Every structure is written in structure tokens, then in C-alpha cells.
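Presented below is the structure to which this report refers.
Nothing here was measured: the structure is a model prediction, and the numbers come from that model. Hydrogens, waters and symmetry mates are skipped; everything else that's a heavy atom, side chains included, is used.
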Amino acid sequence: MDLWKLFLTERQEQKLNLLEDIISRTEASIDELACKHSLTNRNVKSLIMQINEDYIENTSTTDALIRFENRLFRISTLKASGTYPSLYSNLKITYIKQSAVFQVLIYFLRHRKVGMIKLSTHFNYSQSYCYKLVNRANDIIRSMGIECQISKRMNYLIVEGRESQIRMLSYILNSHSTTFAEDNNYLYRNEKSPTKIQRDKLSRITRIFLDAHKMGHYTDVISDQEMSIGLCLYEELHLSFSQAFYPLNKKINDAAFQSEKFLYYLFAVYFFPEYLTPEICERLGAGLMRLTKNPIVDRAVEALEKMEESYSIPDNLHRTFVFQLVYRSLITDKLSLSSFFYLEDKKLLMNDKFLTIKEMLKSVYKESISERDLDIFSTQLTELLYSYVGHVMAKPLHVMIHITYHANYAVLVKNYITGVYKPETVTMVGNFADADLVISDRFVESKENQYFFFLEDIHNIETWKRLGEFINSKIIEGRIRSDTIEKIS
């Protein structure tokens, strides 16, 4: 489920779907688009015309974005291909901002407590229409499973619920705003944050927290075990929290201050994953493993040991795995990932190794993570851990070279392939029966689950490009969709 679709009209969604199809292929036939999206040709033409009008209205150009020629819709050649995704994104943002429900929800998340007269005056809507928008906003919040809502009091409306979820919703809905954190009071200043994108992310998070503090809203107090984990985080990650929130520690007690700091770090690290370099992850894991009698860390170590019963995890990844297990278990709860980041019906990694790891994690964490959160936690964490060790678990691609017409080229092809791929990725074999992939300059009969590549012209660079793409695709398929499971020794 796409959160943003909750704020789009049916027609806006249709326009975005059509634009995405045309951009991805640079051209598409009207009949194909009509069939795929269950529209008439006339409706497709009308929607494309509106896209062009929206594009012209939101840019300085007078030229149409999409042209119709010979029953084909084509993207204008006036724009470089690299700008197409930004065009799509900008148009989507424009549509979302046109949603009255979106604007009202953003307003409430910013102010938290609003009188109906003030709300009606601000948006120039009737009070009855404002109530309808508030009800619709609550419907969206409920559909996400978030523990908060806009409640009516005697003479005002107020946002109530779990504070961490309110902040998450506010951050996500403001993620496309170009002015949300431009006020100098919110600018994040840290010389270790070198890029504008990174500064913008942390500035947005800082504003979310500062706005909440100004209105007297604070997160739940963390446990002693979480406090110990927080101290490990602060040793390696320096986000200048105390500097940015200096007045806060004078207004609230230390436990509340440390809880705010802990949540801020979880926010920052989750939305700023670039900060977690391999070296930092390893050092964080080492620090966590030194903690004693900490159930959160102990559970992560237990999960690692359980994985090692079936797989040999490289020693240099042990500390990284412990950190990821601890960190992911915390953000699943504190950032409510099951509400904000839905599990898709289509999952990339669904081989038997993946499912086995997932069930291992579920068995370890079933008592500490709610049933609703457990599936998204185990799925996302398994995807992450599998990305570290998938190459260890996967079998190499067995390749046989069978050159008939130009036999002297067999060694040449073999040397090129072994020079590019490591033996654990691609292994050369001499028998047809052992080969996953046969490369030949003539057609040969292949067995079931065996791939064949026709090497038509060794002197043609395009042939080599196709061969490289073909081998890469089979390696990826083997690592992601392997159907066999073995203990790695």
C-alpha cells in the first residue's frame, strides 16, 4: 500500500500511472496503455492532455511533455532522460499538495491543538467542510493502524496518541516540502554532515522534535536496557543533540531528556543510513556485545547463534549482525515500521534460505515483538542479513564453454570470464551434466534448468555486452531465488 495514494484522486492516480509507463519506455502505444489501465483510448488521450497542461503550468516551458505520433505517446526530446524521474516526482508532489485532507493533516501535526474557527479561517473553508476533512484525515490514520487521532474537545480539536508515531507521520508527510526546515532556527549544523541532502534530513528531524517540545509533548521514558544501548550509540555517532536541544535539559528531568535523545538518534540513523559505515556498525556491535545482563542484546546474540547452527557466518560479520539485530528490533517498535512501511505482496527474497532465516528470527523474537510487528521485522531484517551473506550461501554458477567453429577461442572466452568473476561466483566445468550455463557458437540441446547462450561473434562488442548481462542475471537469480538449502561449512 502506497501512503501517498491515500491523498490522490482516482484521476490523479491514473495520470501518474500513465506517465510512469511512458517514462519507463520513452514511448508507449495508446492501445497498450488503454488495455493495461482498463481505460478507453479517449480517456487515455484526455489524461495525457491533462498531464501536458499540468506540466506546462508547473514549469517555465510552453512545450508539451508528451507527444502523440502514429498512435504512440512519446516523451519530448527537449528534456534529458535524467530529468524524467524528477518530473514524475514533482508532478506527484503537486497532486498531493492539492489534497485538502493532506493540507489539514499537515496543519494539525504542526500545531497539534487548533480551534475550529481558526481552522476555518486559515483554509477559508466552512466549518462543516472542515469537520469532513478532519473525519477523512482520521480515516486515513486509522487505515494505517496508527495509534493517534484528531479528537474534538469543547471548543477546539487536538491531536492525541502515541508521540513517536505522531512525529513519524509528521516527518514523512513533510519529507517533500522544500520550506519545512528552511528557518535558521532548525538548520542542522555539523561539519561531519557534508551534503545538502544529509543536512536537510537532520534539519527536518530537528524541527519535528523542537516543535513537539515547544508544545510540551515528549516521548515515553525508555528502559534502563535501552539507556545502555543509547550510550553505545552516542560513543560512535555524534549528532550534536545536546547542542541543538540545549534548553530542553533544563525544562525536563534527565530520564525524559535521555528518552528524547534516544528517539532522535533512532530517527536520524533510520532516515540517514549513510552514517552507518561498515566500520561504525562493527564498532557499535562490539560495544553492544560488551553489555551484560541486557535482554535486548542477549536476544540478538541468541539469534546470531541460532543462524550459525545452519550457516557459517564470517567472524568479521558477527558484531555487525548483533548491532543490526539490536537496532532493527528497537526501530520496529519505536518508529512503528509496521504502520508506516507496509509489507508488499511481492517480496524479492523468497527462497528457502531466506524463509529459514526469517523463521529463525521469529522463533527468537516472538515473545518480545508483537505479532503485528514481527512479520515486518523478520522480513526486513532477513533481507538485510541475507544481503551480507547471500554470496556465502549461494552456489557458484557452473559454466561450460563449448566452441566448435573457432575452437581456439575457447581459452580466450574462459580467461575473460575467470578474469572478471571470482571462483566462488563463477566456476568453469568440463561436462554438460554439471553446467548451469552453456556458452557455445552452435545450438546444443540443453537439459531442464540449464541455460544456453549463443556466442555468435566473438569480435562483436555487443555480443560481449549481452554475455555479461546474461551471466550477471543468472548469478543474481541464483542468489535471490535459490531452491536448495545446505549447511555451509
Side-chain angles (χ1 to χ4, degrees), residues 229 266 269-270 273 276 278 280-282 284-286 288-289 294-338 340-397 422 424-425 436 449 473-489:
I229 293 170
L266 293 184
V269 174
Y270 183 77
L276 294 176
I280 287 179
C281 288
E282 189 171 351
L284 282 168
L288 292 172
M289 292 175 75
N294 188 307
I296 302 172
V297 177
D298 293 344
R299 205 170 290 114
V301 174
E302 179 188 351
L304 175 62
E305 292 172 348
K306 204 170 187 66
M307 288 180 63
E308 287 212 292
E309 292 175 5
S310 299
Y311 307 110
S312 294
I313 309 300
D315 291 342
N316 63 328
L317 289 178
H318 284 192
R319 292 181 287 274
T320 297
F321 271 35
V322 168
F323 164 69
Q324 292 292 356
L325 286 160
V326 169
Y327 163 64
R328 292 278 167 168
S329 66
L330 289 170
I331 63 171
T332 298
D333 172 42
K334 302 294 184 182
L335 305 188
S336 303
L337 299 190
S338 61
F340 291 102
F341 302 98
Y342 308 96
L343 277 177
E344 297 290 343
D345 293 332
K346 297 179 180 178
K347 299 180 179 66
L348 176 63
L349 299 168
M350 285 302 291
N351 59 52
D352 46 11
K353 298 181 183 68
F354 177 90
L355 295 174
T356 301
I357 296 173
K358 181 177 177 179
E359 290 306 313
M360 288 177 185
L361 292 174
K362 279 188 170 182
S363 68
V364 174
Y365 284 92
K366 63 183 179 182
E367 301 298 331
S368 59
I369 296 179
S370 68
E371 184 178 353
R372 180 169 184 252
D373 293 338
L374 188 58
D375 194 43
I376 191 168
F377 164 76
S378 58
T379 298
Q380 291 189 344
L381 190 55
T382 305
E383 288 174 341
L384 178 66
L385 300 183
Y386 192 87
S387 70
Y388 280 109
V389 297
H391 65 285
V392 178
M393 299 177 181
K395 294 180 179 180
L397 180 71
K422 295 179 180 179
E424 55 266 33
T425 303
D436 301 313
N449 297 326
S473 69
K474 300 312 170 189
I475 292 171
I476 292 171
E477 287 178 16
R479 293 186 176 186
I480 291 179
R481 302 194 181 280
S482 173
D483 295 322
T484 59
I485 183 164
E486 298 179 356
K487 182 168 181 176
I488 307 297
S489 58

Are side-chain heavy atoms of S329 and I296 found at a separation under 4.5 Å? yes
Atom pair OG/CG of S378 and D373 - distance to nearest 0.5 Å: 10.5 Å
Separation of S336 OG from R372 CZ (nearest 0.5 Å): 8.0 Å
Report yes if some heavy atom in the side chain of Y365 is under 4.5 Å from a heavy atom in the side chain of L374; otherwise report no. yes
If you take all heavy atoms of N316 and T320, which pair is closest and at what distance? O-OG1, 4.3 Å
Start with the C-alpha distance between K362 and I369, add both sets of side-chain angles, then the distance that settles side chain to side chain contact (heavy atoms under 4.5 Å, CB included), and finish with yes or no. CA-CA 9 Å; K362 279 188 170 182; I369 296 179; over 6 Å; no
Side chains of L381 and L325: closer than 4.5 Å at any heavy-atom pair? yes
How long is the gap from NZ on K366 to CG on L361, to the nearest 0.5 Å? 13.0 Å
Any side-chain heavy atom of R299 sitting closer than 4.5 Å to one from E367? no
Once rounded to the nearest 0.5 Å, what's the spacing between atom CD1 of I357 and atom CG of L384? 11.0 Å
Residue pair A300 / V322: nearest heavy atoms and the distance that separates them: CB-O, 3.9 Å
Quick one: closest heavy-atom pair of F321 and M307, and the distance? CE2-CE, 3.8 Å
Tell me the closest heavy-atom pair linking P396 and D436, and the distance in Å. O-OD2, 3.8 Å
So, do R319 and L288 sit near enough that their side-chain heavy atoms are less than 4.5 Å apart? no
For the atom pair CD1 (I475) and OG1 (T425), what is the distance rounded to the nearest 0.5 Å? 6.0 Å
Once you round to the nearest 0.5 Å, how far does CZ of R328 lie from CG of D333? 14.5 Å
Taking all heavy atoms of K306 and all of V364, pick out the closest pair and write down the distance. CD-CG2, 3.7 Å
For residues F323 and L276, determine if any side-chain heavy atom of one lies less than 4.5 Å from a side-chain heavy atom of the other. yes
Atom of L335, atom of L266 and distance for their closest heavy-atom approach: CD1-O, 3.9 Å
So does M360 get a backbone contact from the side chain of S363, meaning a donor-acceptor N/O pair under 3.5 Å? yes
